[in-house]
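Contents: one structure, followed by commentary.
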Amino acid sequence: MIDWPDELIDDIAKRKSILYLGSGVSANCVNDVGKHPATWEAFLRDILLNKSSELGTADQIIIELIDKNDYLMACEIIINILGNRVFGELAADEFRRPGYHPTELHETIFKLDSKIVITPNIDSIYDQYAMQSSNGTILIKKYTENIAPTLRSPDYLIIKAHGTIDDPNHIVFTHGQYSRARNEYSGFYRILDALMLTHTFIFIGCGISDPDIQLILENSNFSFPHCRPHYMIAANETINPNVRDCLIQNRNLQFLTYDNTDGTHSQLFEALKILDDLVDIKRQEIASNISW
């Protein structure tokens, strides 16, 4: 079970933290017929299966790239051949049209009451849950929009760091799309850098290879050394200890790990419920001492 650091509890209680929600947060959702959202790998392999005639001889190099976990390059080749419109339809068929339902994990994360949530997920599962639970009071902004005016407003904010399935022309899926986004929307990445210095980031359900995560963590760590760490919640089995040590050194990350040998992530859910309770207790203490 995760041993939550006191500093982290304090940051969440004072709303000085930012939750960064990866695809793992959506993975256990189901729709009315029991379908789960595909993993990134499964989604690309399904395209290979269903669009083999269009992809032709490129299917072999795509398979090799997927086997090496180079999903960005594999996706780039697929989009170059199929086109943005066709790829956007395939993504909508997988991530929006099935109508996935939120889970208790979304509720538990929402109860942490973070003023800012950032997600690279192109689906809208958490967004819709948060909007419904807040009676429509939360703002949802894409990386293509002017986010700066909302940061110091009283509004709660969900930032879609890679766009949304509803706007396939601005989804960030490939190396080229990352490069264009960083060039055309450089202000957004400056905001991420600033938030990294002023808030504690908590990465939930994220992989370690996301280019945005790499960029903002390494920029912050090497430009401003000796700062307090950010936190990544991960299953023990997912990160090699040697890789973890390098990430701690290069990205100023502290890993909060849990056992997932049964593959259900049940310990994560239970740990987050405990975190909810600890944050509530801390907020009551802060309020009684007027020590915001």
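Ion pair Glu107/Lys111 flagged as a salt bridge, since at least one NZ, NE, NH1 or NH2 atom sits closer than 4.0 Å to an Asp/Glu carboxylate oxygen. Asp10 and Lys14 are joined by a salt bridge, as a carboxylate oxygen and a charged side-chain nitrogen come within less than 4.0 angstrom of each other.
Hydrophobic cluster membership for Ile290: none, as no Ile, Leu, Val, Met, Phe, Trp or Tyr side chain comes under 4.5 Å of it. Other members of the cluster containing Ile125 are Tyr100, with ILVMFWY side chains joined at under 4.5 Å, either directly or via other members. Chaining together hydrophobic side chains whose heavy atoms lie under 4.5 Å apart places Leu197 alongside Phe224.
Both Ile233 and Val279 belong to a common hydrophobic cluster when Ile, Leu, Val, Met, Phe, Trp and Tyr are linked at side-chain heavy-atom distances under 4.5 angstrom. Note on Ile2 and Leu112: same hydrophobic cluster, where clusters join Ile, Leu, Val, Met, Phe, Trp and Tyr whose side-chain heavy atoms are under 4.5 Å apart, directly or indirectly. There is a path of hydrophobic side-chain contacts, each under 4.5 Å, that joins Ile12 to Ile274.
Tyr143 is linked by a ring pair (Phe, Tyr, Trp, His ring centres under 6.0 Å) to Tyr185, counting only residues two or more places apart in sequence or in another chain. The ring pair (Phe, Tyr, Trp, His ring centres under 6.0 Å) check on His162 picks up Tyr178, with sequence neighbours excluded. Among residues two or more places apart in sequence or in another chain, the ring pair (Phe, Tyr, Trp, His ring centres under 6.0 Å) test is passed with Phe255 by none. In this structure, the ring pair (Phe, Tyr, Trp, His ring centres under 6.0 Å) partners of Phe95, at least two apart in sequence or on a different chain, are Phe43.
Exactly one of Val243, Asn250, Asn242, Ile248 qualifies for a side chain to side chain contact (heavy atoms under 4.5 Å, CB included) with Cys246. That residue is Asn250.
Heavy-atom contacts from other residues, nucleotides or ligands closer than 6.0 Å to CD of Glu104 number 12 or fewer. Heavy atoms of other residues, nucleotides or ligands lying less than 6.0 angstrom from CD of Gln132 number 12 at most. The number of heavy-atom neighbours closer than 6.0 Å to CG of Asn240, taken from other residues, nucleotides and ligands shown, is above 12.
Taking the centre of each ring, Phe110 and Tyr129 come in below the 6.0 Å mark. For an aromatic pair to be called close, the ring centres must be under 6.0 Å apart, and Trp4 with Tyr231 fails this.
Note: Asn219 CG to Gln214 CD = 11.0 Å, rounded to the nearest 0.5 Å.
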**Request:** Quick one: do Phe269 and Tyr258 satisfy side chain to side chain contact (heavy atoms under 4.5 Å, CB included)? Show the steps, please.
**Result:** CA-CA 10 Å; Phe269 178 57; Tyr258 61 94; over 6 Å; no
Distance-only criterion, 3.5 Å: show the donor-acceptor pairs between side-chain atoms of residues 28-36 and protein atoms not counting sequence neighbours.
{"unit_1": "Asn31", "atom_1": "OD1", "unit_2": "Val33", "atom_2": "N", "d": "3.1"}
{"unit_1": "Asn31", "atom_1": "OD1", "unit_2": "Gly34", "atom_2": "N", "d": "3.2"}
{"unit_1": "Asn31", "atom_1": "OD1", "unit_2": "Lys35", "atom_2": "N", "d": "2.8"}
{"unit_1": "Asn31", "atom_1": "ND2", "unit_2": "Pro98", "atom_2": "O", "d": "3.1"}
{"unit_1": "Asp32", "atom_1": "OD1", "unit_2": "His101", "atom_2": "NE2", "d": "2.5"}
{"unit_1": "Lys35", "atom_1": "NZ", "unit_2": "Glu94", "atom_2": "OE1", "d": "3.3"}
{"unit_1": "Lys35", "atom_1": "NZ", "unit_2": "Glu94", "atom_2": "OE2", "d": "2.8"}
{"unit_1": "His36", "atom_1": "ND1", "unit_2": "Ala27", "atom_2": "O", "d": "3.3"}
{"unit_1": "His36", "atom_1": "ND1", "unit_2": "Cys29", "atom_2": "O", "d": "3.0"}

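Judged as a salt bridge (Lys or Arg N to Asp or Glu O under 4.0 Å), the pairs with a partner in residues 279-292 (not counting sequence neighbours) are, in order, Lys282-Glu285. Residue pairs that meet the salt bridge (Lys or Arg N to Asp or Glu O under 4.0 Å) test with at least one member in residues 152-162, sequence neighbours left out, are Asp127-Lys160. Listed by first then second residue, pairs satisfying salt bridge (Lys or Arg N to Asp or Glu O under 4.0 Å) with a partner in residues 163-178 read Arg96-Asp166, Lys142-Asp167, not counting sequence neighbours. Contacts classified as salt bridge (Lys or Arg N to Asp or Glu O under 4.0 Å) and involving residues 66-79 (residues at least two apart or in different chains) are given here: Arg45-Asp67.
Ring-plane geometry between Phe87 and Phe173 is classed as perpendicular, the angle between the planes exceeding 60 degrees on a 0 to 90 degree scale with a lower cut at 30.
Counting only heavy atoms from C-beta outward, the side chains of Leu151 and Leu157 approach each other to under 4.5 Å. In this structure the side chain of Leu139 never reaches within 4.5 angstrom of the side chain of Tyr156, judged on heavy atoms. Side chains of Leu253 and Met232 form a contact here, defined as non-hydrogen atoms less than 4.5 Å apart. Proximity of Leu21 to Ile118: side-chain heavy atoms (C-beta onward) are nowhere separated by under 4.5 Å. Two residues are said to be in side-chain contact when any heavy atoms from C-beta on lie closer than 4.5 Å; Val25 and Ile109 meet this criterion. The closest side-chain heavy-atom distance from Ile159 to Ile116 is below 4.5 Å.
Asp11 and Thr200 share a side-chain donor-acceptor pair at under 3.5 Å.
Ala42 and Ala38 get closest at one heavy-atom pair: CB-CB, 4.1 Å. Here the closest heavy-atom approach between residue Ile140 and residue Met131 is recorded as CD1-CG, 3.7 Å.
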